[in-house]
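What's counted below: heavy atoms across the whole structure, side chains too, no hydrogens, waters or symmetry copies. Numbers here simply count residues along the sequence, with the first being 1.
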Amino acid sequence: MTLRQFLVHVVLVLLSGTVPIPASGGAVYYYDFIVKESNFTRLCETKPIMTVNESFPGPVIRARRGDKVFVNVHNQGDYGLTLHWHGVRQPRNPWSDGPDHITQCKIMPSTNFTYEVDFTVEEGTVWWHAHSDWTRATVHGAIVLLPAEGTTYPFPDPDGEEVIVLASWYEGNLNQIVNEGLITGADLPHSISYVINGYPGDLAAKCPTRETYSWAVEYGKTYLIRLVNAVIKSELFFAIAGHNLTVVAMDGAYIKPIVTPYIVSSPGRTMDILLTANQTPGLYYLASRQFQTEDISVTEFDHSNATAILQYNGISNSSLPPKFPDDLPAYRDYKASEIFMSQIRGLETKEHPIDVPIDITTRMFVVVSMNIVYCLNTCSSDYKIATSLNNISWLDPNVDILTAYYRNISGIYEEFPDDPPMWYNFTGDYPAQDMKVTIKGTKVKILNFNETVELIFQDPQNFNLVDPPKLNTYPVPRKGWAAVRFRADNPGVWFWHCHLDNHLSWGMDGVFIVLNGDTEETSMRPPPQGMPSCPSWTVPFEFINPHENNDPM
């Protein structure tokens, strides 16, 4: 059993009704998302996949910081799903955050639900994706957030922009294969190709048909690339042949610019990247490949090199093939990843200050681990793979945590421990023998309003309290560590979990409940109309007492 790379992550109608309606503090937009099965052909295989508005990747939401968006999700598919607005703070409104079993139950087929998404502090690029099963493999899209009215970028305005979405392509019925694997204990599926804006590119080895996305640029102009890593369970290297990249934002917040020939991106991460088209006009590949962090003995992973083409305007029918990026790191180039990651720093300006909690009131030491759980009858052996946080492997309740908290339903969850049950070399090759077997549980960490929290994953060596980046997804390196600080000033129920979906499915998940403050403005909003019901929850409503105080247990 090897330690792996862990990622912590603390939706035949086109878009309609997107005309802004004036509102205090910003505009209001309305979107209709039609979720349905659509036939797509990739790598010489035609199969139905779940899509939004029949597109893969899904539609782009565009707004400004300070705006509000309502997204009415009509589920015309064959199974339930939820949508999550990744990287969006959602002040006092966990009801629209989206994770299944955490803040809501699934939107079932032939029903709909309207999400209210408030963009209060986010600026740059974030994204939306399904947050139930592995549906997000094809149900995802970018969110483009321009600066608020009357403000500007912290860099010269670009001449244009391009949304680039990195994703995975799988054989067969993905959710069915995943569900069978979770029952039997088999390994969960590996993608057969990575894709850029839905296409694997010229170098796909599994099919002679070339399916490649192309982007046209003008010589001398500067473009803002809005990059989304929607890959299911792998970090990726990404580069553009012959061109340097200047990373200016991550996860909807600005950073000190990083000039680099390549980037490394975790699943769930978004980046804003400036590119100047200053090379000899011609054809250049955009390329991505997996950053493989497992033990050297692990060879079963997606070796595909996904490509798209950057083409200078005025170049047509070129006899020369596109240039491939010489600077794209190899699969196991740990040093390249370390070099890039070490440069990430918050912008720290008057307009974009750094606010790091200094006086910490709550400290949590969290161990992330691969484990096993014993099983009966369904497994091919006596146990199956599990993952855990502090030796607790998440167990989905039969009613979502937010409803249980708000309605004061007892017996749904227990308290999550601040420390692991035992201490050992957390950054060694193997977990302690006594922690190979984990336990399943539904445990949450309860925080008072305005508590300052520090989470240490594994074992830190030092802290950056001067200009740390404001991120929503960050890798805990193999045999490594990470530290996170935040202020619990957003009342509600919030999911934190590994963003490698195999680890999430195996149980590497946790929940924070932030209690209400003393005022209406520091308290969670009541639920909206039409929240999806939980089909397996059978307790009569008259036995559920509305949540009227700050006692969640």
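If you check the side chains of Thr222 and Asp159, you find no donor sitting under 3.5 Å from an acceptor. Side chain to side chain, Ser265 and Asn229 meet the donor-acceptor criterion of an N or O pair below 3.5 Å. Looking at Thr135 and Ser132, their side chains never bring a donor and an acceptor atom within 3.5 Å of each other. Side-chain atoms of Gln104 and Asp400 include no donor-acceptor pair closer than 3.5 Å. With hydrogens and angles left out, the side-chain atoms of Asn75 and Thr111 include no donor and acceptor closer than 3.5 Å. A donor-acceptor contact closer than 3.5 angstrom is absent between the side chains of Thr349 and Tyr254. Residues Ser191 and Ser168 bring no donor and acceptor atom of their side chains to less than 3.5 Å of each other.
In this structure, the separation between NE2 on His499 and CG on Asp501 is 6.5 Å, given to the nearest 0.5 Å. A distance of 9.5 Å separates CH2 in Trp134 from CG in Asn175, rounded to the nearest 0.5 Å. With values rounded to the nearest 0.5 angstrom, Asp509 atom CG is found 4.0 Å from Leu504 atom CG. Interatomic distance, Ile34 CD1 to Asn112 CG, rounded to the nearest 0.5 Å: 9.0 Å. Distance check: Met50 CE to Tyr79 OH gives 3.5 Å after rounding to the nearest 0.5 Å. For the atom pair OH of Tyr405 and OH of Tyr413, the computed distance is 7.5 Å after rounding to the nearest 0.5 Å.
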Please walk me through it: do Val484 and Trp496 pass side-chain contact (heavy atoms from CB on, under 4.5 Å)?
-> CA-CA 12 Å; Val484 177; Trp496 55 287; over 6 Å; no
Apply side-chain contact (heavy atoms from CB on, under 4.5 Å) to the pair Asn72 and Phe70, showing each step before the final yes or no.
-> CA-CA 6 Å; Asn72 192 355; Phe70 289 95; over 6 Å; no
May I have the step-by-step check of side-chain contact (heavy atoms from CB on, under 4.5 Å) for Asp418 and Lys445, ending in yes or no?
-> CA-CA 8 Å; Asp418 287 347; Lys445 176 62 179 177; 2.8 Å; yes
Would you check, one step at a time, whether the test salt bridge (Lys or Arg N to Asp or Glu O under 4.0 Å) holds for Arg92 with Asp118?
-> CA-CA 10 Å; Arg92 303 172 49 231; Asp118 297 305; over 6 Å; no
Test Glu161 against Val144 for side-chain contact (heavy atoms from CB on, under 4.5 Å), laying out the working first.
-> CA-CA 10 Å; Glu161 69 173 40; Val144 172; 4.1 Å; yes
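Contact detail for Trp85 and Ser96: the closest heavy-atom pair is CD1-O, 3.0 Å. When every heavy atom of Arg136 is checked against every heavy atom of Val231, the shortest pair comes out as NH2-O, 3.0 Å. The nearest pair of heavy atoms linking Pro267 to Leu500 is CG-CD2, 3.8 Å. Contact record, Leu389 with Val368: CD2-CG1, 3.3 Å, taken as the closest heavy-atom pair. When all heavy atoms of Gly252 and Thr270 are compared, the closest pair comes out as N-OG1, 4.0 Å. Nearest approach of Gly198 to Arg42, heavy atoms of both residues: O-NE, 2.5 Å.
For OH of Tyr199, the number of neighbouring non-hydrogen atoms (other residues, nucleotides, ligands) closer than 6.0 Å is 12 at most. Surrounding NZ of Lys470 are at most 12 heavy atoms belonging to other residues, nucleotides or ligands under 6.0 Å away.
Of the possible donor and acceptor atoms, none in the side chain of Trp95 sits under 3.5 Å from a partner among the backbone N and O of Glu116. Of the possible polar contacts, none joining the Tyr213 side chain to the Val195 backbone as a donor-acceptor pair under 3.5 Å is found. Although no hydrogens or angles enter the test, the distance criterion places no donor-acceptor pair under 3.5 Å between the side chain of Asp272 and the main chain of Val248. Judged by distance alone, with hydrogens and angles left aside, the side-chain atoms of Thr452 form a donor-acceptor pair with the main-chain N or O of Thr361 at under 3.5 Å. Checking side-chain atoms of Tyr312 against main-chain N and O of Asn278 turns up a donor-acceptor pair under 3.5 Å. Thr51 places a side-chain N or O within 3.5 Å of a backbone atom of Lys36 that can act as its donor or acceptor partner. Between the side chain of Lys256 and the main chain of Gly346, a donor-acceptor pair closer than 3.5 Å is present. No side-chain donor-acceptor contact under 3.5 Å links His140 to the backbone of Trp127. Judged purely by atom type and a 3.5 angstrom limit, Asn93 has no side-chain atom pairing as donor or acceptor with the backbone of Gly492. Between the side chain of Asp251 and the main chain of Asn472, a donor-acceptor pair closer than 3.5 Å is present.
Remark: Met341 engages Val264, Arg269, Ser337, Ile344, Tyr474, Pro475 in a side chain to side chain contact (heavy atoms under 4.5 Å, CB included) (not counting sequence neighbours). Applying the side-chain hydrogen bond (donor to acceptor under 3.5 Å, both in side chains) criterion to Thr362, with sequence neighbours excluded, gives Glu451. Listed by chain and residue number, Arg363, Arg485 satisfy the side-chain hydrogen bond (donor to acceptor under 3.5 Å, both in side chains) test with Glu454 (two or more places apart in sequence, or in another chain).
With contacts defined as side-chain heavy-atom distances shorter than 4.5 Å, the pair Phe416/Phe512 does not qualify. The shortest distance between side-chain heavy atoms of Ile225 and Ile240 falls below 4.5 Å. Between Gln90 and Trp494 there is a side-chain heavy-atom pair separated by less than 4.5 Å. In this structure, the side chains of Leu275 and Leu245 come closer than 4.5 Å at one or more pairs of heavy atoms.
A salt bridge is absent between Arg89 and Glu122: the closest approach of a Lys/Arg side-chain nitrogen to an acidic carboxylate oxygen does not fall below 4.0 angstrom.
Ring centroids of Phe33 and Trp128 are separated by less than 6.0 Å, placing the two rings close together. Aromatic ring centres of Phe113 and His74 lie farther apart than the 6.0 Å criterion allows.
No option in Leu81, Asp100, Thr82 other than Thr82 meets the side chain to side chain contact (heavy atoms under 4.5 Å, CB included) test with His131. If you run ring-ring contact (aromatic ring centres under 6.0 Å, His included) between Phe291 and each of Phe340, Phe238, Phe237, only Phe237 comes through.
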